[in-house]
Structures are given as C-alpha cells and as structure tokens.
Amino acid sequence: MGIVRRIILRVIYFFLITTILSVVLFRFFPVPITPLMLIRLKEQSANNKSWKLKKDWVAKEEISDNLKLAVISSEDQNFFNHFGFDFDAIQ
C-alpha cells in the first residue's frame, strides 16, 4: 500500500507544481495555443480547408477599455461590485 500511496502523492505534487509554474510562466508570456484554437483547426480540416493558425497577440494596454469591460461583463456583470464572490448570484 505504501508504493501506491507514494505514486498518488507524486502525481498530485506533479500536477500542483506544473499548474503553478504554468500560471507564473503565462503571466509574462502569451499562451502559444489554446483549446479553442485546436477546435478551430479541427473544424477547418473537417471542411477540407487548408490548416491555418493565425493569431495576433495584443498588449492589454492597446485594447479598448470598453472591450475589456464587455468581456468582464459577459462573465460577471457585477464584477466591480463585489470582492470575488457574488453571493446574491450564488444563492
């Protein structure tokens, strides 16, 4: 039983460490590819189109404040009115 427990703990540690490292890494560097990009590539191949992955990363300072607000509002319209948890919406 000790070997199984050690393996499980190592797997948990591995996932914790890789999660933290990826968050820190992608805080400073743009994400190279996302699951949505892969889905779009698959859709292109299903439609017999040529595979093309094009992305133009833009610094957040270059994005309109209205667009930033629209993205935040699409997720949580009360984002600026609470401290992380919208208890009214949770209830």
> Are any side-chain N or O atoms of Lys68 and backbone N or O atoms of Glu61, one a donor and one an acceptor, separated by less than 3.5 Å?
no
> Is it true that atom NZ of Lys42 has more than 12 heavy atoms of other residues, nucleotides or ligands lying nearer than 6.0 Å?
no
> Check whether any side-chain heavy atom of Ile12 lies under 4.5 Å from a side-chain heavy atom of Leu16, and answer yes or no.
yes
> Just verifying a value: how many Å separate Glu43 CD and Leu36 CG, rounded to the nearest 0.5 Å?
8.0 Å
> Keeping Lys55 on the side-chain end and Pro32 on the backbone end, is there a donor-acceptor pair under 3.5 Å?
yes
> Shared ILVMFWY cluster between Val58 and Leu67, side chains joined below 4.5 angstrom?
yes
> Report whether Trp57 and Leu41 are members of the same hydrophobic cluster (ILVMFWY, side-chain heavy atoms less than 4.5 Å apart, transitive linking).
yes
> Within this structure, what is the CZ-CG distance for the pair Arg5 and Leu9, rounded to the nearest 0.5 Å?
6.0 Å
> Is any side-chain heavy atom of Thr34 closer than 4.5 Å to a side-chain heavy atom of Val31?
yes
> To the nearest 0.5 Å, how far apart are CD1 in Ile8 and OH in Tyr13?
12.5 Å
> So Arg27 and Val24, do their side chains get closer than 4.5 Å, heavy atoms only?
no
